[in-house]
> 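Got a structure for you, questions after.
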Amino acid sequence: MTTPHGRIPYLPARIEGLATLSMNLWWSWSREARHLFRSIDEALWHLTRHNPLELLCRVDPARIAACASDSDFLRRYDDVMGRLAHETTSPDTWFARSYPELDGRPVAYFCAEFGLHHSVPIYSGGLGVLAGDHCKAASDLGVPMVGVGLFYMKGYFDQRLRLDGWQQDSDEEFDISLTPLVPVTGARQEPFLTVVETAGRPVHVRAWRMMVGRVPIYLLDTNLDVNHPDDRALMNKLYAGGPDMRLRQEWILGVGGVRVLRAMGIDPSVWHANEGHAAFMMVERLREYTAQGMPLKEAVHQVREQGVFTTHTPVPAGHDAFSVDQLESVAGPVWAEVGMDRETLLSLGAHPDLPGQFHMTVTAMRLAAGVNGVSRRHGQVSRNIWRDLWPGRPWETVPIGHVTNGVHLATWMASPIMALLDEHLGPDWGSRLDDPGFWDRVLTLDHGRFWDAHLRLKQILANFVREDARRRFATQLKEAAQVVGAGTLLDPTALTIGFARRFATYKRANLIFRDLERLRRMLVDPWRPVQIIFAGKAHPADDPGKEVLQSVYQFTRDPAFEGRVAFLEDYDMHLAHLLVQGVDLWLNLPRVPLEASGTSGMKAALNGIPQLSTLDGWWQEGYDGLSGWAISPAGESEDADAADAERFYRLLEEQVIPLYYTRNAAGVPLGWVEKMRHALRLAGSRFTARRMVQDYVQEHYAPAIRGESSGDDPPTA
Ligand SMILES: *Cc1c(COP(=O)(O)O)cnc(C)c1O
């Protein structure tokens, strides 16, 4: 009658598999599994913010006993457990069918953060969510993969806004026992798996395993009694502390990550660094080869052959670089171990324009044969900004390609939209996603039913906004004006625009407020009102970002806007779900070309929500005139902010608002729903994580496994 997981108190034997289910994040992208947990205790499901472990810990034992003898519950339980077994063990997968000749050694996927579900708060935003979606899609496709990341005890910060709108960061340690993290012990039951030298002392490294379908992700942790107190605190927080802290975190991620895999007997065939933070993984692999006696040149060749590197940043200053002194104090005499002199190691991370620095992105580009940006445009931008590393080569031929990002369908598409597809396409549509032309069929979705499903999701968002404002009013003693700012006066029938993303200045949330009177006229129009919901955090060290946030927040309480501008605190994956499923229009205003890809607009489109955006990142290749609106680029002589704002207002006034409010006799905006159908087709056919991981397999993983990497030259400068 006990379960394999000590933390869950009691489960009747007939349904004890619920413990296993709650420990594999696969449940979070299975509609049936979510429904099963919700049906145990709906109120508790909401109260625990969809955390099945906490639900099982807190539920009334009498209720669990009742479930164990309820035939409907048992039928659904058996179905879900069957699906779990199939999705985690079935050998008949897309990968096995497409690449029967490749062995089952995994792709090692390194990333500083993973966003899988809001109950595991070890992500800050886009990069982490993308990494999570990558692993989920790899599991669905049967791509053998193992993730490596860092365990942040205090996660990312919780956002609290002062009355004047200044962001204060608070953080609390999360309760590991309410997450599906399991500590991995060493061969002799010791609590650590490996030791890494940093700053002249040994740091013991532990790993926690988190199962994501078939894919294990190992999170490294240094909070062990044997470690020096400074080293114990090393993994407290994500992207916090100074450059020294960051360098040491990245050293642990790269060097510790490889050694932890080795300690567990895992032998990857491909090594993928997702963003430059993980580049030391490649340096450690170089050390492994040379320690076996391989000459350096050959070792570099080997590491490159099996290496894949994805860059995510379109501005040179956004890439991690450390001073040579810093590297020397953290890494110590690692060059001796690698069998190279100091200058040779430093030259791996050298950039001709940045002397005296060790550049993580440059290192990764030297040690990976497969290098890509994350959208077509970002590929071009990257070839341009790194051209100096290949002197004498025309920039167009710089060997950096692109794999456009995508989002995980089963994670981001709302259940009512899936139910609509069940009805329209048949309940097995999920198995036909790779059929050419499959997504064209959503262009015949019934207007009225699609609109109804959307309105249901809009209502769910409205309810959440009100209840969340009430909760913060009650527990955080918010002022009445802040309760208004939190969206309590929003109108469930007005055209609702969503703008949710990190508050970095280049994302230009304040562009919306450039002409206050023109904006106000649209928002408070009594016949065709418009409202805007904002959410997002500024990076704790980004004061200009916090100033933009503060100025936006002021407008939420300005009576001139009559309660039609709202700011929702604490943007996380839970809030992201509600927003990308429940607003009418997704808005994105990055200053071109600073958005590498952007993914939130893809999530919205998967729910049939059209986007209005500048032609940057994914929209530059996704915009087709049918599924949303584009702000055309400013001319050479124009001020880009002024021109973009003018075009934004004009699109709203002349196209968006009229289309939304043109209804048929049944109240359905036929033209708008037409856009919704196209948005759904666009995202489903071209911007899913399934397509993204298939591209990575075809273009990078399979060639690396076969030893047929591009053969392009490493940077020569
Ligand atoms: C998707 C997502 C992001 C990234 O959105 P962008 O459009 O790339 O800015 C950030 N945070 C959360 C919580 C997300 O779900």
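Every number for a ligand or one of its atoms is a count from 1 in the order of the listing. As the structure is a prediction and not an experimental result, all values here were calculated from the model.
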> Is the number of heavy atoms from other residues, nucleotides or ligands under 6.0 Å of F473 CZ greater than 12?
no
> Using the rule side chain to side chain contact (heavy atoms under 4.5 Å, CB included), only one of T505, L589, L549, V548 pairs with N510; which is it?
V548
> Is the NZ or CZ atom of R501 both under 6.0 Å from the centre of the six-membered ring of F499 and within 45° of that ring's axis?
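Output yes; distance and angle both within limits.
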> Who passes ring pair (Phe, Tyr, Trp, His ring centres under 6.0 Å) against F151, sequence neighbours left out?
F174, W208
> Assess whether a salt bridge exists between R591 and D644, defined as any Lys/Arg side-chain N lying under 4.0 Å from an Asp/Glu carboxylate O.
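A salt bridge is absent here (no side-chain N lies under 4.0 Å from a carboxylate O).
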> Could you name the protein residues that come within less than 4.0 Å of ligand 1, counting only heavy atoms, and order them by chain and residue number?
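If the criterion is a heavy atom under 4.0 Å, then ligand 1 touches G125, G126, V129, W412, R501, K507, Y571, D572, M573, A576, G598, T599, S600, K603.
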> Which label fits W619 and Y623: parallel for a plane angle under 30°, tilted from 30 to 60°, or perpendicular past 60°?
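If you compare the ring of W619 with that of Y623, the planes turn out tilted.
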